[in-house]
Amino acid sequence: MKSLENDEIDLEDGKLEKDKDRPIRSKGVVRIQNEALLSGFAYCISSCSMILVNKYVLSSYDFNAGISLMLYQNFISVIIVSTLSLLGVISTEPLTWRLIKVWLPVNFIFVGMLVTSMFSLKYINVAMVTILKNVTNVITAVGEMYLFQKDHDSRVWAALFLMIISAISGGITDLSFHAVGYAWQIINCFLTASYSLTLRRVMDTAKHVTKSGNLNEFSMVMLNNTLSLPLGLILIFVFNEVDYLSRTPLLRLPTFWFVVTLSGFLGLAISFTSMWFLHQTGATTYSLVGSLNKIPLSVAGIFLFHVPTSLQNSASILFGLLAGVFFARAKMRERSQS
């Protein structure tokens with residue numbers, strides 16, 4: 001296995017970028033700054049909007065078919081990426097049986113990650129979800145240490161300790177605590193960490209069975225979303241969502257279809273805007289902005305969904321968000337010294 005030490009992974013879209021902050025050369029400096037700012041703003045908007053829209057569908061509409069929502073969103077991504085590939089706008093690797101066999105194990109983790117995220121988001125408020133996601137960093141760091149013999153410096157471990165404290169204190173002071181939601185989120189953290197720890201190895205193997213000998217981000221998005229469709233269909237029957245879908249009046253509401261379709265476009269928008277932002281800046285800036293992005297997302301989640309909170313819980317959330325920023329900065333310094 002290769003170390004993930006110099007890699008930055010976008011877990012929602014199944015893509016990996018090498019950790020290189022390469023300067024973007026152009027004739028106009030002003031244009032570069034504006035494009036970097038625009039790409040960062042687009043990434044933040046799409047990322048926040050995706051989570052808030054999913055929360056709106058699952059909670060405000062009281063939609064009890066999270067797997068079906070995931071399946072529909074992935075189907076939209078497949079349609080759009082396939083169309084762009086056929087038009088020659090982007091290039092993707094053909095889905096051969098050899099490639100599918102190599103990628104299938106990591107796709108199982110990917111689907112589990114998305115499904116558990118849907119289940120937890122239905123029961124837990126957005127602010128606490130963002131804080132509990134910090135546990136993923138702790139699990140990943142421990143996994144890197146035991147699987148890849150990777151050592152972390154004291155700043156990283158200090159940030160991870162602060163994340164654990166904020167998650168525990170946030171759960172204790174959460175006025176809308178839901179045990180089922182917390183259980184799903186903890187499972188999601190383990191699956192997300194497992195995905196990040198296995199993705200590098202699977203990517204290296206998958207490159208050897210592709211026709212071009214390479215695997216770009218669009219191909220990974222296509223692989224993950226396409227392979228998730230049959231697995232999602234199986235899970236829909238396992239969790240008996242078919243019976244619910246046949247009875248719910250929501251499927252007859254045009255506004256509901258508009259919102260869930262919008263969530264599908266937003267999911268794909270995260271992929272495009274994150275790649276654009278990474279190209280204009282770099283993985284370290286991308287990582288820091290991702291951590292800072294949780295702050296307005298948490299505030300928006302509390303106010304938009306009228307989440308009951310207390311001073312202690314708000315302090316725990318703020319503490320966790322700042323710990324996330326501290327962790328991103330510590331990882332940057334660790335990479336610069338390696």
Side-chain angles (χ1 to χ4, degrees), residues 1-21 102-103 105-110 112-114 116-117 120 129-171 182-207 220 224 278 282-292 294 316 319-338:
M1 286 188 181
K2 290 187 178 181
S3 174
L4 293 171
E5 179 177 3
N6 295 320
D7 296 323
E8 191 69 36
I9 298 174
D10 183 350
L11 299 175
E12 294 180 357
D13 303 308
K15 69 182 190 60
L16 181 146
E17 285 286 334
K18 287 292 181 184
D19 183 26
K20 294 179 180 179
D21 282 318
V102 170
W103 199 264
V106 77
N107 185 255
F108 277 97
I109 303 176
F110 174 74
M113 183 178 66
L114 294 182
T116 52
S117 177
S120 65
V129 166
T130 58
I131 298 306
L132 293 174
K133 280 182 178 293
N134 284 336
V135 177
T136 301
N137 296 324
V138 180
I139 300 172
T140 303
V142 175
E144 287 178 334
M145 185 175 65
Y146 283 101
L147 296 177
F148 306 114
Q149 289 74 49
K150 182 184 185 307
D151 295 324
H152 301 286
D153 63 28
S154 58
R155 295 184 185 87
V156 172
W157 286 116
L160 293 174
F161 178 74
L162 294 177
M163 288 177 178
I164 296 174
I165 296 299
S166 67
I168 295 174
S169 60
Y182 272 70
W184 280 118
Q185 184 56 50
I186 294 299
I187 296 174
N188 175 261
C189 290
F190 277 96
L191 288 172
T192 304
S194 300
Y195 184 70
S196 68
L197 292 170
T198 57
L199 183 59
R200 176 73 262 171
R201 181 187 180 188
V202 173
M203 281 183 61
D204 290 338
T205 307
K207 288 179 181 179
M220 282 186 279
N224 269 334
L278 271 166
T284 51
T285 304
Y286 173 84
S287 177
L288 182 58
V289 170
S291 298
L292 293 172
K294 292 180 179 180
S316 298
F319 184 69
L321 294 172
L322 294 177
V325 176
F326 181 48
F327 173 77
R329 289 182 59 86
K331 289 291 288 184
M332 289 180 190
R333 183 167 297 185
E334 184 182 66
R335 290 191 187 102
S336 64
Q337 294 174 351
S338 61

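Numbers here are sequence positions counted from 1. Basis for what follows: all heavy atoms, side chains included, without hydrogens, waters or symmetry-related copies.
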Scanning both residues in full, the closest heavy-atom pair of A193 with T140 reads CB-OG1, 3.4 Å
Identify, with sequence neighbours excluded, every residue that meets ring pair (Phe, Tyr, Trp, His ring centres under 6.0 Å) alongside F326. none
What donor-acceptor contacts under 3.5 angstrom involve side-chain atoms of residues 158-167, with partners at least two apart or in another chain?
residue : atom : partner : partner atom : Å
S166    : OG   : L162    : O            : 3.4
S166    : OG   : M163    : O            : 2.8

Got a sec, which residues hit side-chain contact (heavy atoms from CB on, under 4.5 Å) with A206, two or more places apart in sequence or on another chain? L99, V102, W103, L215
What pairs with S194 under side-chain contact (heavy atoms from CB on, under 4.5 Å), at least two apart in sequence or on another chain? I109
With rounding to the nearest 0.5 angstrom, report the CE to CE distance, M203 to M220. 4.0 Å
Donor-acceptor contact below 3.5 Å, side chain N134 vs main chain G320: yes
Check this for me: F190, atom CZ, are more than 12 non-hydrogen atoms of other residues, nucleotides or ligands nearer than 6.0 Å? no
For G143 versus L197, what's the shortest heavy-atom pair and its separation? CA-CD1, 3.9 Å
Here the pair of heavy atoms bringing M113 nearest to L191 is N-CD1, 3.9 Å
Could you work out, with side-chain hydrogen bond (donor to acceptor under 3.5 Å, both in side chains) as the rule, every residue matching S117, not counting sequence neighbours? none
H152 vs W157 aromatic rings, parallel, tilted or perpendicular, using cut-offs 30° and 60°? perpendicular
Please lay out, stage by stage, how K133 and N188 fare under the test side chain to side chain contact (heavy atoms under 4.5 Å, CB included). CA-CA 8 Å; K133 280 182 178 293; N188 175 261; 3.8 Å; yes
Who passes side-chain hydrogen bond (donor to acceptor under 3.5 Å, both in side chains) against N137, sequence neighbours left out? none
Which atom of D153 lies closest to which atom of A330, heavy atoms considered: OD2-O, 4.4 Å
Rounded distance (nearest 0.5 Å) linking atom CD1 of I187 with atom OG1 of T192: 11.5 Å
